[in-house]
Amino acid sequence: MMESGAPICHTCGEQVGHDANGELFAACHECNYPMCKSCFEFEIKEGRKVCLRCGSPYDENLLDDVEKKESGNQSTMASHLNDSQDVGIHARHISSVSTVDSEMNDEYGNPIWKNRVESWKDKKNKKKKRSPKAETEPAQVPTEQQMEEKPSAEASEPLSIVYPIPRNKLTPYRAVIIMRLVILGLFFHYRITNPVDSAFGLWLTSVICEIWFAFSWVLDQFPKWNPVNRETYIERLSARYEREGEPSQLAGVDFFVSTVDPLKDPPLITANTVLSILAVDYPVDKVSCYVSDDGAAMLSFESLVETAEFARKWVPFCKKYSIEPRAPEFYFSQKIDYLKDKVQPSFVKERRAMKRDYEEYKVRVNALVAKAQKTPEEGWTMQDGTPWPGNNTRDHPGMIQVFLGNTGARDIEGNELPRLVYVSREKRPGYQHHKKAGAENALVRVSAVLTNAPYILNVDCDHYVNNSKAVREAMCILMDPQVGRDVCYVQFPQRFDGIDKSDRYANRNVVFFDVNMKGLDGIQGPVYVGTGCVFNRQALYGYGPPSMPSLRKRKDSSSCFSCCCPSKKKPAQDPAEVYRDAKREDLNAAIFNLTEIDNYDEHERSMLISQLSFEKTFGLSSVFIESTLMENGGVPESANSPTLIKEAIHVIGCGYEEKTEWGKEIGWIYGSVTEDILSGFKMHCRGWRSIYCMPVRPAFNGSAPINLSDRLHQVLRWALGSVEIFFSRHCPLWYGFGGGRLKWLQRLAYINTIVYPFTSLPLIAYCTIPAVCLLTGKFIIPTLSNLASMLFLGLFISIIVTAVLELRWSGVSIEDLWRNEQFWVIGGVSAHLFAVFQGFLKMLAGIDTNFTVTAKAAEDAEFGELYMVKWTTLLIPPTTLLIINIVGVVAGFSDALNKGYEAWGPLFGKVFFAFWVILHLYPFLKGLMGRQNRTPTIVVLWSVLLASVFSLVWVKINPFVNKVDNTLVAETCISIDC
């Protein structure tokens, strides 16, 4: 097919060719990067005017030639596009795949590519009739050129802006960080050069712990070096993409909601999340909601049926009166004036009627829950008398049911509703299902087959949409041609309902969401936290960002993406590092450039039919593979619903992911219970960036485990996932260095997310040292000199000033910062410690551990569950630390009283550290002992402690007994003749 020895285009595999002077064509005169003229022209059309290899600008003469060619006769261009001989390997048309056969051969034994060729030939003439402009126009997301044609001045303005923290707040903050780093160096120089010989073991332990704490501080502090804020303009988004009198050009969004056990995740909570999604302020034909029932529970299915029926009333009511939030349970429970800003006279009447309808709906759902408490011996039966397919939760077929949508029921006013889809993937014994990550990947494939929206928004079943314009906020970033091109996801902060005002267990995580995430947004973007995130679907497929050049091929790695080049051996290339546009050319050529198939020999034919290698990556589904090519989403017009449902059932089969890249390079990544951190890390390593979006009204609200035991189990799960990543091949300490696409501050942040559980080991040792010092009379610090005193004082002042300046630019309250500090100690000496040991057991002995699904709803009175103690082994280490430190304080005071006044000076330092531990564990102690409606046991405990201390002091001082002169007593004794 090509002459041997001729230069080959590194993009398409064809000959580079010659220019007008008969010389070899060279796009870049600096590095002579091999690229043919057709690929060069396409690069220029896409707006990339620098060399992919060296980054040097292309020759201006070549750019002028391309521009002149572009401004030529359009009829000539059309004739070239219609000429079948000129389509070649650069054709970029996407055909409609009508077959859903996912096997290697059809029922007659013919290879699948022959059927696809015939299907392609049948549709080719239809494509020829379309104008070139119609072919190249995106279906849903307008190109940058189209945006420039819009006359509105507001439409031409940016959809979002970044404004950094003011210099008068950020500069002192950075200066104090540097100063604190210098003081830390001097402090460790003093600590290491001044050992305590009388307590060498305690001294050495304390120094090792302090060095680790300093290392952890560096990992946490420096990613916050350049925090930024963002502002979005949804009015400009509407002006650009929703022109009056024309169909909306906003991109479609597929919502993912995951649930497992309806008895632990109440169906009413999940239903409120679904209702809030169906009522979002977004075009209904652009919204689809997929509910994954990974427990195959009939209760979940029946409650979703009731939810779909109630949505016919709820959605039009929300949109008519613009109510917020659009989750009925939380809307009707608001203690606010609901008549504020409502001017329609009919609102009060309709609101009362809607509340009555919702109460009736709740009764029906609660009746289903009560019925599901006891499973019949023969299993559940559907209304038509057939057994429920999911009676065996570990062995059942895949199930899909489509509610509402353009072909389903409409609302009570006759308007179309967003599509609602119930999905329960197939499960069989002997297969790895990968928990939540596997369920999310199944939803990715199902949604690609049925709706294929270019963006995906996933939420937990207990996180409802609190801001109906949240999707528009995300689209202001993702659909901005200047910003959104290289954005893999937009992350919203998590906000929670039902938490007590004091937030004693730091459930809100305010410091993380309002400080750390803003800092990461100034680097390469926030980490993915598992919910409230809008993804670019192409990023989930393992592609790199469009503006990022492909990395050099490595000889020692295998490729999952084959190229159409004349080599029998596939070129070695990491699929996570493939340039997306080059990948599209390969696959387009493999599927759609088969007009001359009969003229090729067997070897050339096998090269063109490279879709088989894509099936090894994405699985045996031609419909799904085609959907991965549609950057702007959409499904083939020729596809019919029964065909798509059949293919959707196929892609959620339990064996579909076998021998594919699912969970390895594409979709949610497997290997950790915290699949969110791992998946976001892989995207950032490919060169993508993420964006942090904080609208004034929180986008999503959720429920948090307010009970101490449940909160610790939740933290245990997160920490265990981090330990699993640490021991995996995806550890940020060594993964993703090739190519340099992950910024070093971003890497520091990811390293911090996987090493923080190991801080539990030095932390529990450091919290034990004060008690040991008090009980043994030894101390970890020698007698302080003036210089040493200044170092200690400077270190404490720098810690306080850093915190104050951080509060100043972030807006976080000092109470939130203190609660975060307290729970860092509580979680560190309990959940993190157990996570480290469980991680070691899994790595060394292969013992897998299960985490407990946290109960997230209070049952009795408000905050009633907050004071309920559920005993768990996680409570043992912090309880032990509390007891030994309290005993140490009592013993220290007793020893000082016995030794005299000279012992009170050294006692001060020891007691200070002991009280530091007790103060940090105080919320834990209060959680064990306290309750609002009775005298807290903690008061009794402190009373006993203080009474004991004061009693000892009283006995020692003897304030009401006359002082006796010891000399007189001695003389008197001598004069007495015994």
Residues two or more places apart in sequence or in another chain: which of them pass side-chain hydrogen bond (donor to acceptor under 3.5 Å, both in side chains) with Arg819? Gln822
Will you find, in the side chains of Asn226 and Arg174, an N or O donor that is under 3.5 Å from an N or O acceptor? yes
May I ask you to establish whether Arg236 and Tyr233 are in a cation-pi arrangement, using a distance under 6.0 Å from NZ or CZ to the six-membered ring centre and at most 45° from the ring axis? yes
Please determine if Arg747 forms a cation-pi arrangement with Phe737, meaning its NZ or CZ atom is less than 6.0 Å from the six-membered ring centre and no more than 45° off the ring axis. yes
Which is it for Phe513 and Tyr692 under the ring-ring contact (aromatic ring centres under 6.0 Å, His included) test, yes or no, and what are the steps along the way? CA-CA 10 Å; Phe513 287 111; Tyr692 195 50; 7.3 Å; no
Take atom CD1 of Ile814 as the centre, draw a 6.0 Å sphere, and report whether it contains more than 12 heavy atoms from other residues, nucleotides or ligands. no
Extract all donor-acceptor atom pairs below 3.5 Å that involve side chains of residues 802-812 and protein atoms in other chains or at least two apart in sequence.
residue: Thr802; atom: OG1; partner: Ser798; partner atom: O; Å: 2.6
residue: Glu806; atom: OE2; partner: Tyr173; partner atom: OH; Å: 2.7
residue: Glu806; atom: OE2; partner: Lys224; partner atom: NZ; Å: 3.0
residue: Arg808; atom: NH1; partner: Asn168; partner atom: O; Å: 3.1
residue: Ser810; atom: OG; partner: Glu806; partner atom: O; Å: 2.7
residue: Ser810; atom: OG; partner: Val812; partner atom: N; Å: 3.4

Which residues pass the ring pair (Phe, Tyr, Trp, His ring centres under 6.0 Å) test with Phe492, sequence neighbours left out? Phe700
Arg326 side, atom CZ; Asn272 side, atom CG - distance, nearest 0.5 Å: 14.5 Å
NZ/NE/NH1/NH2 to OD/OE distance under 4.0 Å, Lys469 and Asp281: yes
How many angstroms lie between atom OH of Tyr163 and atom CG of Asn229, to the nearest 0.5 angstrom? 4.5 Å
Would you call Arg495 and Asp514 a salt bridge, taking side-chain N to carboxylate O under 4.0 Å as the test? yes
I'd like to know if Arg508 and Asp816 make a salt bridge, using a cut-off of under 4.0 Å between side-chain N and carboxylate O. no
Go through the side-chain N and O atoms of Thr273 and His463 and say whether any donor and acceptor fall under 3.5 Å apart. no
Sorted by chain and number, sequence neighbours left out, ring pair (Phe, Tyr, Trp, His ring centres under 6.0 Å) with Phe215 holds for Trp212
Axial cation check for Tyr489 ring with Arg689, 6.0 Å and 45° limits: no
I'd like to know whether the aromatic ring centres of Phe330 and Tyr464 sit less than 6.0 Å apart in this structure. yes
For Ser206, all residues meeting side-chain hydrogen bond (donor to acceptor under 3.5 Å, both in side chains), sequence neighbours excluded: Arg191
Could you tell me which residues satisfy side-chain hydrogen bond (donor to acceptor under 3.5 Å, both in side chains) with Gln524, sequence neighbours excluded, listed by chain and number? none
Tell me if the aromatic rings of Trp916 and His920 count as close, with their centers under 6.0 Å from one another. yes
Heavy-atom pair of closest approach, residues Arg697 and Pro325: NH2-N, 3.3 Å
For the student: nearest non-hydrogen atoms of Leu774 and Gly888, plus distance: CB-O, 3.3 Å
